[in-house]
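Reviewing the structure listed below.
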Amino acid sequence: MHNHAHEPIAVPDNLNVVLLAGGVGGAKMADGLAQLLAPERLTVLVNTGDDFRHCGLMVCPDLDTVMYTLAGRANPETGWGRTGESWRTMEEVGRLGGPEWFKLGDLDLATHLTRTHLLAEGMSLTQATGQLLERLGIAARILPMSDQPAPTMIRCDEGLLPFQTWFVARGWQPAVREICLPEDVRASGQVLSALEGADLILIAPSNPFVSIEPILNVYPVREMITDLPKVVVAVSPIVAGQALKGPAAKMMGELGMAVSASAVAGYYGELIDGFVYDRRDDEVTTLLAPNTFRTDTVMQDRAGRRRLAAEILAYVVELINQ
Ligand code: FO1
């Protein structure tokens with residue numbers, strides 16, 4: 001189905017969508033859906049496994065990337081942090097001998113300072129995120145996957161590293177042996193009710209291992225997605241055998257997987273009813289093949305995000321009506 005921008009996009013207005021997202025691909029998918037769906041029809045469950053305390057500040061990179069992207073304030077070059085940023089504070093931190101490895105812009109610091117303050121006042125991460133969303137003028141519901149800390153650790157050639165140490169300080173170069181996720185993390189009440197009310201669970205084109213798996217690992221997200229009568233569709237983060245951004249392709253190789261859309265479909269396996277992948281990739285030939293949808297999955301700009309979201313929703317409506 002090829003939609004021109006000016007044609008009204010036939011979007012189902014009664015479909016409750018829950019998007020599992022992390023990183024830049026997840027934020028772009030969220031933005032495409034937010035352009036089409038009424039705010040009460042979209043909930044974005046965001047990975048918080050990348051979160052860490054830095055200089056005493058609570059930094060939540062994937063929550064911020066989704067928030068800034070939906071607010072139209074994301075830095076288009078890096079994908080993280082804000083656009084039009086200044087760096088005076090970080091420069092002075094460097095001169096004073098503080099840590100410089102994790103770049104925090106002046107406006108981005110305001111987010112971390114405010115979030116840290118709200119948490120110190122006793123708000124949950126969900127509540128603090130709600131206030132930031134409101135102040136940023138974002139109507140879509142963006143929920144951290146849990147209100148408890150759920151740090152992802154990376155077992156690599158240099159030992160067991162905290163996620164940001166591996167991802168930023170070491171530039172995700174050390175070969176990954178294992179992704180270590182916490183055992184006893186629970187979903188918040190809002191996450192549970194969003195999943196209960198969902199007609200579609202969409203897995204964004206995010207890194208399956210460090211963006212999506214941490215969300216599924218939160219109890220009882222995987223169980224609810226598996227047991228409840230929902231349509232579950234994943235979008236491949238691999239395009240033409242590569243990751244558009246970040247370590248997904250490199251990790252698949254290191255974890256002994258083929259770097260292909262088919263391998264991603266195989267990784268999600270029984271969890272998914274449908275799979276969206278790029279026409280540049282080889283045909284997916286797994287059992288799922290009849291329920292796959294092949295299109296241009298590269299989201300170049302806001303219109304591209306909206307186009308892909310509309311195509312996916314149309315595909316899902318067909319799946320549901322099968
Ligand atoms: N990623 C980097 O590669 N280098 C950075 O200096 C950096 C700073 C940073 C600051 C705020 C923020 O929200 C994200 C930031 N990221 C940076 C990205 C971060 O590592 C995320 O975890 C990745 O985007 C993966 O989700």
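No experiment lies behind these values; they were computed from the predicted model shown. Numbers for residues simply follow the sequence, beginning at 1. Numbering of ligands and ligand atoms starts at 1, following listing order.
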Can a salt bridge be assigned to the pair Arg280 and Asp296 using a cut-off of 4.0 Å between side-chain N and carboxylate O? yes
Among Val59, Val168, Asp108, closest by any non-hydrogen atom to atom 11 (C) of ligand 1: Asp108
Testing Arg305, Arg307, Arg306 for salt bridge (charged side-chain N to carboxylate O under 4.0 Å, His left out) with Asp31, which one passes? Arg305
Stepwise, does the salt bridge (charged side-chain N to carboxylate O under 4.0 Å, His left out) test hold for Glu91 with Arg88? CA-CA 5 Å; Glu91 284 156 11; Arg88 293 189 62 202; 5.9 Å; no
Just to confirm my output: which protein heavy-atom neighbour is closest to atom 19 (C) of ligand 1, and how far is it? Gln164 OE1, 3.8 Å
Nearest protein heavy atom to atom 23 (C) of ligand 1, by residue and atom, and its distance? Phe167 CE2, 3.5 Å
Atom 6 (O) of ligand 1: the protein heavy-atom neighbour that sits closest, reported with distance to 0.1 Å: Lys103 N, 3.0 Å
If we number the atoms of ligand 1 from 1 as shown, the ones under 4.0 Å from a heavy atom of Phe163 are 22 (O)
Co-membership, hydrophobic cluster, residues Met224 and Val232, 4.5 Å side-chain: yes
Atom 21 (C) of ligand 1: which protein heavy atom is closest, and how many Å away? Pro61 CB, 3.5 Å
Please name all residues satisfying ring-ring contact (aromatic ring centres under 6.0 Å, His included) with Tyr277, sequence neighbours left out, ordered by chain then number. Phe275
Heteroatom proximity flag, Asp64 to ligand 1, N/O under 3.5 Å: no
Residues clustered with Met123, ILVMFWY side-chain links under 4.5 angstrom: Leu118
Classify the ring geometry of Phe52 against Trp101: parallel below 30°, tilted from 30° to 60°, perpendicular beyond 60°. tilted
Which residue holds the protein heavy atom closest to atom 17 (C) of ligand 1, what is that atom called, and what is the gap in Å? Trp80 CE2, 3.4 Å
List ligand 1 atoms under 4.0 Å from Asp50, heavy atoms only on the residue side. 22 (O), 25 (C), 26 (O)
For Asp62, the ligand 1 atoms whose distance to one of its heavy atoms is below 4.0 Å: 26 (O)
